[in-house]
Amino acid sequence: MNLHEYQAKELLRAIGVPIPPGDIATTPDEAEAIATRLGTAVMVKAQVHAGGRGKAGGVKYCPTPAVAREKAQAILGMDIKGLTVEKVLVTTAADIASEAYVGIIVDRARKAPVFMVSAAGGIDIEEVAATTPEKIMYEAVDTRYGLLPFQAMQMGFFLYKDVKLARQAAAIMTQLYDAFMEAGCSLAEINPLVVTPTNELIAVDGKMVIDDNELDRKPSIAALRDESSEAPSEVDARNANLTFIKLDGNVGCCVNGAGLAMATMDLVKYYGGEPANFLDIGGSSNPEKVVNALRIITADPNVKAILFNIFGGITRTDDVANGIVTATKQSPLKVPIVIRLTGTNEEIAVKILQENGFSASSDMDEAVQRAVALAKGGAA
Amino acid sequence: MNLHEYQAKELLRAIGVPIPPGDIATTPDEAEAIATRLGTAVMVKAQVHAGGRGKAGGVKYCPTPAVAREKAQAILGMDIKGLTVEKVLVTTAADIASEAYVGIIVDRARKAPVFMVSAAGGIDIEEVAATTPEKIMYEAVDTRYGLLPFQAMQMGFFLYKDVKLARQAAAIMTQLYDAFMEAGCSLAEINPLVVTPTNELIAVDGKMVIDDNELDRKPSIAALRDESSEAPSEVDARNANLTFIKLDGNVGCCVNGAGLAMATMDLVKYYGGEPANFLDIGGSSNPEKVVNALRIITADPNVKAILFNIFGGITRTDDVANGIVTATKQSPLKVPIVIRLTGTNEEIAVKILQENGFSASSDMDEAVQRAVALAKGGAA
Amino acid sequence: MSIFIDNSTKLLVQGITGRDGSFHAKQMLEYGTNVVAGVTPGKGGQMFEGKVPVFDTVADAVKATGANTSVIYVPPMYAADAMMEAAAAGVALIVCITEGVPVLDMTRVYPFVKEHGARLIGPNCPGLITPGASKVGIIPGRICTPGPVGVVSRSGTLTYEVVYQLTRAGIGQSTCVGIGGDPINGTNFIDCLAAFEADPQTKAVAMMGEIGGTDEQEAAEFVRTKMKKPVVGFIAGQTAPPGRRMGHAGAIISGSSGTAAEKIAAFEAAGMGVAKRPLDFVELLKARV
Amino acid sequence: MSIFIDNSTKLLVQGITGRDGSFHAKQMLEYGTNVVAGVTPGKGGQMFEGKVPVFDTVADAVKATGANTSVIYVPPMYAADAMMEAAAAGVALIVCITEGVPVLDMTRVYPFVKEHGARLIGPNCPGLITPGASKVGIIPGRICTPGPVGVVSRSGTLTYEVVYQLTRAGIGQSTCVGIGGDPINGTNFIDCLAAFEADPQTKAVAMMGEIGGTDEQEAAEFVRTKMKKPVVGFIAGQTAPPGRRMGHAGAIISGSSGTAAEKIAAFEAAGMGVAKRPLDFVELLKARV
C-alpha cells in the first residue's frame, strides 16, 4: 500500500524528522488559506500515487497565497497517469543549498532492509544507480540488531564531511529506520534530504510503501488507505479478497493461484491475444468470490472474451462452477466465456456447467486458444 | 543497585503486570491511613535491602487498619541485618490459591538473560534449585530477538496446565522481560506469582537489581537510589568514585585495581590478619581520591592499621603520595600506616613520602606482614 | 530416492486443529505421510482423528514423538513465531504454508532458523511431496507419480499444472518442492537444485520461476557451473507490467530488474531447456530423462 | 612466538583523541607497537603525534591502512557500538579497555563479534602485550620481558604485580593477556590456554582468576583434559563476602557458587600448581619452565 507524501511526512514528523510545515487542501480556497497561514512562499504538490508528478505539472512553486490558489486550482482534478488529483499538499518552500537521497528498501538477496544513500539527491535514484553507481552507498541493516549507531554515522559521513551535518543525518536515518519498521514498510525514502543555507537538514519529500501483509496488525497504518486514489476496479477486487490488476488487453482472465494466473496471461499472449487483467481468486472455494470476479472482469468494456483457468487443489472446481452459474444468472454475460477446469470435484463441476449450458475443457492450451480466438471475434 | 520492593512493583505495574494496590508509609499514622483507604486486609512490609525480612519479623498480616498501625509501629525503625527500616509498604493482602516463582538473571555462561520459573514459588529459589532442580525450568533469551512468544508460552505451560493461566503468565513474563531490559537489570523477579481463588494471576512480591553500569543512561532509574538504606561509608565512597565494601577486620586497605585489592585482602588473611575493607581507588591518578579514601578508612573505629598497596601503571604513585601527605596534614592519623608502592614515578613518590616522615616499601608481602603486625599492636 | 522428505519423515502439524491444518492433516494422513504429532496451544492431550496426539508446544511434541519435520498452518501474524518455535525445538525441516507473513518478520526468522541448523521451506508455499512416500503441505497427491524428474517452483497451482501434464505424459517425479512466492524464503532454487543433483533418483529437473528478484539468474549460473543433470526452466509473468505485485509478494518487477526476459536469457546462457509454456515441459523433459 | 599479537599487528586506536586514548596511544607508540590509524568521528584528516592518520570511521581507517587489530578507549555508553563497528569493518582482533560497559550491551556485542569472525578481548581489561614486539592496551611495558611464560588474568594491577615479580626473578613472558573482570567478555581463559598450548614459545602458563562465575573451573577441566604444558593458578577474593560485587562487575559470589575455595579445589583436581599468594608464582613457575 502506498502512502501519500503528506501521510509519510506525518509519520516521519511524529518520530522527529525535520519536515517543512504544511497542510493538505482539497480546494483552491483551502490552499490559499494554508499559504497565508504559513506566511512563506509555498510548494503546492499533487497527492497522487504516481511517479513523475513534477514533470506532469503536479508540483508548483508559489511565491504568494494568490499564486497558491491559482496553482491549486490547476492541479486539483488534474489527471496524472490515469489518476485524478483529489488533494494537494501546501508546504513551506525550503531554501536549498544541497540535496541528498536517503532510502530504505527490503532487499531480497540480503534478506534485510538496505539503506541507499547518495549525495546526488532530488532526482531519480535508479538513474543514479545506473549511471554513477559509485555515488550510492548501500548499508544493510540486520533487524536483529536494528540500525547500529556506527552504521548511521558511516552513512552520515558518506553524505557530509562536516561532523555536525553527519550527526544530524545519522539521527534522521535512525528515525527513518524506526518509522520504516514501525509502519511495516517495504520502502521508505526521503528525497531530497536538503541542507538549508543555514546548515540545517530538512526532509522536503517523503515516500513510504507499506507491506500489505502488515496491515492486519497495524490498524492505524491501514486506516491511511485512500481508496479515492486507486483504480475503482482494484479497490472493488481487494474488498472482495481478490488480487486484481487491470491491463490493456481484451481477454478477461480468472485463475486460481498467482503463478498460474501469470502463466495464463502469458499463454494468452503466446497464442496472439492480449490479457485484460491479472486476477487470482486464491486458494479458497467460495462461489461468492467467483461472482465478484466475474462482476469485476465484465465491468471492463475492453473485455471481449472471458477465460477461466482453474486447477483444483484446495480450490473445489464445483464451487467455481456454481459461482459461474450464479453470477451469469444474476447478470447474463454479454461476451463469450471459455472455462477450463481440472482437479478436485472436476466431474461434478462439468456436470453443473453442462446442465446450465456451459461447456468445459480440461486442457489449458486449448482453452486459451479458444478464448483468444473469441476475443478477436472468431468462432468459439 | 537494589530497588525496594515498592519501587520494583511500580515499574512492573507501569508496564502492565497485575500488582495488588498499596502505598508506602514512613509513620504508623500513614500506614493506618493507607489500610483504611484500601479497605481490605493488608500486609505491612519492611522496605529494606536485606533478604529474610519475613523471618526477621518485617512482614506482617493486618486484618484491620488498627493492626496495620500497630505492626507498622513495630517494624519502622527495626534493625534487619544491620539496616534500619525507614519505610513500609502497605498493600492489599492477596488470597492465594497457589504460588509460583518467575525470575530473570543475566547468566554468565550463556551470556544472556535467563528465565528461571518454578511452580514451587514463595520460597527461596536457591533452595528449590538445590533440592528439587526438576521443578525449575530455565529459558535463555537471545537479546537480539527478545523474549519470543513461544518461549513465554512454554514457560506459561510449565507453570499452569490451564491455557488461560498459561497465556496470562506468558503475558506477565513478557512484561517482566521488558521491564528487565528497560531498567537495565541484572536480576528481576516476581516471587510469588499468585493464582487467586478466582483464577487470576497477581504479582505479590517483586524484586529488581539494576546493573550499576546502566545508571548513567537511565537517569529515571538512577533517581530511585535510596541512600538512607545503605551503609553511610559505602554511600560516601561511591560519591567519591571509590569502590568500598566494609568488612569486619582491623587492617584498613587502600589499593588500586579490584584484583589487586582482593589479593591484598587475601594476603592480609594469609599472614594472620583480618582486612577491615575492600577499597579500590581505581586507575586514575587523583590525590583527592586518596584523601577521600583515607577519610573513609579512618572513619571505621575497628581499623588499627592502614595498608596502602599501589601498583603504578596508569596510576601515578606520586599522586598517591601527595594524597597521603595532604590527607594526613588535614587530619593526622591515629593509627599506624604502611605504604607499599611501585611503578610509575616511584622515585618521586618515595621522596615525597620520606620528606613528610613516611617510609615506603616496594614489596607487597613485606608491607602486608608489617600492617598485620601493627594491627595486632606489634612493632612496625 | 528423493530430497528433503521420504519414508523416514516424522511429521508434526502446527495448527492441526485449525480449519486449514485439520483439512490438510487428514489429506496427508490419507496419502500415507507419517504424521506423528500436532500442536495447538491449549489442546494438549487431545487426539486428532483418533490417532495423532496433540501437544501444547512444539518442544513437548518433539520430545514425545521425535518429530523431525514440521508443517505450519497458522495465521500469518503467528507464523514467524511458529517457525522459530519449530527451529528452537530442534525440528530439522520446517515447511510454512501460511501466506501473508510480513516480510520484516522473515528478516528475523531467516537467521534464527539458520542459527538453529534447520531448513525452512516457504513461507507462502504449497510444501513438497515425494510421490509414493510422503507429502508435506498441500500439493494434491493424486496428480503426482513416482519417477525421475525433480520439480522446484515458486508457485502452487502452476506447479500442479506442470506436474499434472508430466504425469499424464507418463513422466514421474522424484520430489516436487514449492519454495514459495515471497521475497524472503527459507530455501531457494539453488538449495533444491543442489539436492536434486545429489539425488540418485533424479535424472532431470523442472524449474518454474517467475518475475521478481534474481533467484532464477543465480540458479542458472549454478546450473551452468555446478550441475551435470539437465534442467528445464519456465518463467511466469512475461506479460506482467513493472511495479505491480502480481499476487505473490515476490512477483514484482522493480525498475528494469526482475523481468521475465532477463531470466529467460539467463536460462539460455546456462544451456538450460526453456519452456515457453507449461506444456513444453513434457517434450523438453522427455528428451532429457 | 606469542599469541594474538606480534610484529604483524597493525593497530587502530578507537577514541585516539580522547584523554585515555591519546595517552595510551603514545605509550604504545613508544613501546614500538605498529599504530597505523586512529578513529574519532569528526577528526578525520588530522594526524596524531604527527604520524598516525585519524579517520572518521573504522571502515575508512581499515580501508586506508589495513589495520587488523583495534583497541578501544571510548566512554562506556559508546563502547558496544565501537566494538561492533570494528567487527563490521573486518578487524580481526578487538581489544576493549573501557570499564563500565552495561552487561546487557554485551549480550548483543558478543554474538555480533562472533558472527563477524572477530576475536574480542575485554571489555574492562588491560589489554595484552607480547614483550619486545607489540603492546595493545595499558599494561606497563617496562615490567615485562620476553620469555617462556604465558600470562592470562581477569584483573589488571594484579597481573602487573605477578608479571613484575616474574620479571624481577628473571622469568620472561611470551604474551600477557588481561581478559577483563566483567561477567560477559569476548575471550575467556580456555581461549587463551588453548592458544598458549599451541604457541611454541610458551613453556608454562600463569593464570590469575578471581571469585565469581565458573570460568576458572572450566579452565581447570580444560587444563586437565587438553593441555600438556604446566599451568599455575591463583584466585583473588578468598576473603570476599558473598553477594557483594568486589569492584569488578564479574567478581561476585552468588549464593554458594563462584567461591575461591571451589575454584582452588578445581585447580588442584586438575593437577595445576596453586599459588596461595602472588609471590608463589615465581617458585612454582621456576620449577615448571
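For clarity, every value in this text was computed on a predicted model and none was experimentally measured. Sequence lines set the chain letters: A, B, ... in the order given, protein chains first and strands last, and positions in each chain run from 1.
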Counting only heavy atoms not in B:D248, do more than 12 fall under 6.0 Å of its CG?
-> no
Which region of D:V162, side chain (C-beta onward) or backbone (N, CA, C, O), has a non-hydrogen atom less than 4.5 Å from a non-hydrogen atom of chain B, or is it both or neither?
-> neither
Side chain B:N213, main chain D:V101, donor-acceptor under 3.5 Å = yes
Interface moiety of D:Y160 toward chain B, non-hydrogen atoms closer than 4.5 Å | both
Interface moiety of D:P102 toward chain B, non-hydrogen atoms closer than 4.5 Å = both
Is there a donor-acceptor pair under 3.5 Å between the side chain of D:R277 and the backbone N or O of B:T264?
-> no
Interchain contact, D:E210 with chain B, by part (heavy-atom threshold 4.5 Å) = side chain
For D:P76, is it the side chain, the backbone, both or neither that has a heavy atom under 4.5 Å from a heavy atom of chain B?
-> neither
For residues B:I310 and D:T157, determine if any side-chain heavy atom of one lies less than 4.5 Å from a side-chain heavy atom of the other.
-> no
If one checks every heavy atom of D:I143 against chain B at 4.5 Å, the contacting part turns out to be side chain
Does atom CD of D:E99 have more than 12 heavy-atom neighbours from other groups under 6.0 Å away?
-> no
Would you check if B:K246 and D:R244 make a side-chain contact, meaning some heavy-atom pair closer than 4.5 Å?
-> no
Could you tell me whether D:Y78 atom OH has more than 12 heavy atoms of other residues or ligands within 6.0 Å of it?
-> no
Let me know if B:D365 has heavy atoms under 4.5 Å from chain D in its side chain, its backbone, both or neither.
-> side chain
Check each atom of D:M246 against the heavy atoms of chain B and say whether the ones under 4.5 Å are side chain, backbone, both or neither.
-> both
Salt bridge D:R108-B:D142, side-chain N to carboxylate O under 4.0 Å | no
Answer with yes or no whether the side chains of B:D266 and D:T239 bring together a donor and an acceptor at under 3.5 Å.
-> yes
Any side-chain donor paired with an acceptor under 3.5 Å for B:T344 and D:R142?
-> yes
Part of D:F112 within contact of chain B (heavy atom distance under 4.5 Å) | neither
